[in-house]
Q: 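Let me give you the structure first, and then I'll get to my questions.
Each ligand, and each atom within it, is numbered from 1 in the order the structure gives. The first residue of the sequence shown is numbered 1, and numbering continues consecutively from there.
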Amino acid sequence: MADSLKKPWSGRFAKETDKSVEEFTASVHYDLRLFEHDVRGSIAHARMLGKQGIIPAEDAAKIVQGLESLLEDWRAGRIEFDPKAEDVHMNVEKLLAAKIGEPAGRLHTARSRNDQVATDVRMWLKDEIDFLSQLMAEFQHTLVSRAAEHLDTIMPGYTHLQHAQPVLLAHHLLAYFWMIERDKKRLADCRKRVDVLPLGSGALAGTDFPIDREFVAKEIGFSRISENSLDAVSDRDFVTEFLAAAAITMTHLSRFAEELVLWSSREFGFVELDDSVTTGSSIMPQKKNPDAAELTRGKTGRVFGDLVALLTLQKGLPLSYNRDLQEDKEPLFDAVDTLRGALSVFIPMVATAKFKKGRMREALEGDFSTATDLADYLVKTGVPFRQAHEIVGKLVAECISTGRGLEDLSLDDLRKALPQATEDVLRILQPEESVAARSTPGGTARSAVEKQIEAARALIKEKG
Ligand code: ARG
């Protein structure tokens with residue numbers, strides 16, 4: 001058999017791999033995404049092998065040169081993968097051999113694909129986390145600047161999707177800022193545990209060559225090296241943890257998506273999404289659909305699936321490496337792509353959304369959302385809250401039966417129910433007053449929301 005067709009394990013085998021098995025076990029069609037990281041890891045490994053005198057220095061130099069030229073080929077789109085070489089790692093070795101010949105055979109000294117793949121995935125994920133964090137910061141910028149534009153836009157605040165109390169649109173938008181802030185911190189925390197170098201763990205037990213793991217870690221930018229070779233080659237908790245963080249962020253985006261879908265309906269009419277982030281209908285000429293928001297909501301399910309896949313994948317695996325672990329990559333790639341995509345559409349979607357100030361204000365008319373303010377008013381005249389609640393509840397019921405809103409009542413009407421009421425009671429029934437009164441920290445009053453914006457801006461600045 002020609003050398004290039006030989007499996008690296010051919011010495012032990014009397015038969016060729018069945019085509020079905022070859023196809024079933026191949027992963028290069030998706031793990032080729034790790035190409036650049038795999039090559040960079042191999043360059044560091046080869047340098048270390050040369051430096052430690054584990055392989056001849058000339059061979060190490062040839063390997064490094066060959067790998068660097070493979071990186072150039074990759075960037076120029078000149079790499080062709082061979083599915084028979086199974087995964088990206090063996091493809092790289094094969095491509096290197098084609099380039100530099102025999103010295104390529106020394107690269108895999110003191111290394112296994114088991115510690116190699118764990119290294120590649122960790123390197124790749126660190127880069128992706130950095131990119132995702134940037135997108136999140138950009139999204140936060142958008143949220144803060146839209147909030148700053150809407151410091152006097154009042155809308156119904158909801159519980160149970162029923163009008164509850166008036167709030168500022170700025171306050172509502174900033175709620176998402178804080179969710180994304182926690183999401184970013186979760187990613188940053190997860191990154192610390194991704195940032196550990198498995199290379200040097202060998203197949204599972206370490207190696208008998210005098211390797212320098214700290215050198216490799218430094219070369220490819222890992223802060224620490226792993227402490228236990230069995231753990232390092234077999235645990236994918238760092239992937240699971242990332243997926244959990246990604247699933248939580250998707251949940252946040254999905255809730256926002258649901259609101260944008262609702263708000264852009266005719267019934268709500270609170271927002272008009274820009275033409276550039278919506279799609280039309282192939283049959284109904286009038287349609288403008290919030291597909292990007294809907295798909296964010298829909299794709300959230302995929303990311304949950306990715307998380308459950310990783311949890312399930314690992315729950316029954318004995319130590320250490322098992323081939324099952326190859327199945328970690330597609331869910332991880334899928335979640336990263338999905339989250340990237342969702343954040344990328346949310347930034348322009350929120351940046352260009354036209355919030356309908358007038359419609360939001362109109363929606364508050366006759367909605368009783370200042371009933372709590374009225375009860376609080378009574379409390380301030382000395383009535384116990386439970387009693388005040390009952391009195392105002394009855395007044396609301398009466399208004400409903402006579403088709404009026406609280407703001408339609410005259411001072412005389414109000415005095416019938418609340419004899420202690422004075423002129424100022426009319427003022428507190430205004431949504432503007434209700435909002436302005438909630439000036440405690442974290443509340444919806446303009447003064448409190450301005451402080452919130454300040455805090456949010458300081459956070460974004462701090463992290464650049
Ligand atoms: N493609 C494999 C994976 O992703 C690499 C490690 C394979 N190791 C092995 N002993 N078959 O997990």
Side-chain angles (χ1 to χ4, degrees), residues 6-13 15-42 44-45 70 79 81-97 105 107-128 194 196-207 216 220 226 229-240 242-243 306 309-337:
K6 252 174 46 183
K7 300 278 190 234
W9 52 79
S10 63
R12 158 76 174 75
F13 286 66
K15 286 188 181 175
E16 276 183 51
T17 320
D18 193 85
K19 204 168 166 332
S20 64
V21 171
E22 210 156 55
E23 277 175 19
F24 191 65
T25 55
S27 59
V28 69
H29 53 287
Y30 57 84
D31 65 19
L32 59 87
R33 281 181 77 155
L34 301 172
F35 183 88
E36 206 163 327
H37 295 87
D38 190 79
V39 173
R40 276 168 43 211
S42 287
H45 183 67
L70 279 183
I79 295 280
F81 293 102
D82 175 6
K84 277 187 179 300
E86 206 175 284
D87 55 22
V88 67
H89 325 291
M90 296 207 298
N91 267 277
V92 168
E93 218 179 299
K94 207 175 144 233
L95 289 162
L96 182 67
L107 171 61
H108 212 54
T109 313
R111 181 178 83 170
S112 152
R113 275 186 296 156
N114 299 351
D115 54 353
Q116 189 181 354
V117 70
T119 302
D120 291 3
V121 176
R122 284 173 183 270
M123 278 170 87
W124 180 87
L125 186 53
K126 278 201 294 172
D127 287 348
E128 292 299 324
V194 179
V196 180
L197 176 78
L199 207 65
S201 300
L204 75 160
T207 172
V216 176
I220 47 178
S226 56
S229 58
L230 295 170
D231 176 35
V233 298
S234 65
D235 204 353
R236 296 292 182 267
D237 59 351
F238 68 99
V239 176
T240 318
F242 169 80
L243 292 174
D306 296 331
L310 255 286
L311 289 167
T312 315
L313 179 66
Q314 296 169 82
K315 72 176 273 292
L317 292 187
L319 297 186
S320 62
Y321 180 83
N322 297 272
R323 190 62 181 273
D324 313 45
L325 291 173
Q326 178 167 296
E327 289 290 307
D328 64 348
K329 280 174 273 309
E330 282 170 298
L332 175 62
F333 295 164
D334 179 67
V336 165
D337 292 345

Q: Would Tyr321 count as a polar contact of ligand 1, with the cut-off being nitrogen or oxygen pairs under 3.5 Å?
A: yes
Q: Would Lys329 count as a polar contact of ligand 1, with the cut-off being nitrogen or oxygen pairs under 3.5 Å?
A: yes
Q: Kindly determine whether Phe242 and Leu125 satisfy side chain to side chain contact (heavy atoms under 4.5 Å, CB included), including the steps that lead there.
A: CA-CA 9 Å; Phe242 169 80; Leu125 186 53; 3.9 Å; yes
Q: Please identify which atoms of ligand 1 are closer than 4.0 Å to at least one heavy atom of Asp87.
A: 1 (N), 2 (C), 5 (C)
Q: Nearest to atom 8 (N) of ligand 1, what protein heavy atom do you find, and at what distance?
A: Asn114 OD1, 3.0 Å
Q: Return the set of residues passing side chain to side chain donor-acceptor pair (under 3.5 Å) with Ser20 (not counting sequence neighbours), or none when no residue passes.
A: Asp18
Q: Any sub-3.5 Å donor-acceptor pair from Asp31's side-chain atoms to His29's backbone N or O?
A: no
Q: With sequence neighbours excluded, what pairs up with Arg113 under the side chain to side chain donor-acceptor pair (under 3.5 Å) test?
A: Glu86, Asp87
Q: Looking at atom 11 (N) of ligand 1, what's its closest protein heavy atom, distance included?
A: Arg113 NH2, 3.5 Å
Q: Could you tell me the residue and atom name of the protein heavy atom closest to atom 2 (C) of ligand 1, and the distance to it rounded to 0.1 Å?
A: Gln326 OE1, 3.3 Å
Q: Using the ring pair (Phe, Tyr, Trp, His ring centres under 6.0 Å) rule, take Phe333 and Trp124 through it: C-alpha gap first, then chi angles, then the decisive distance, then the call.
A: CA-CA 10 Å; Phe333 295 164; Trp124 180 87; 4.8 Å; yes
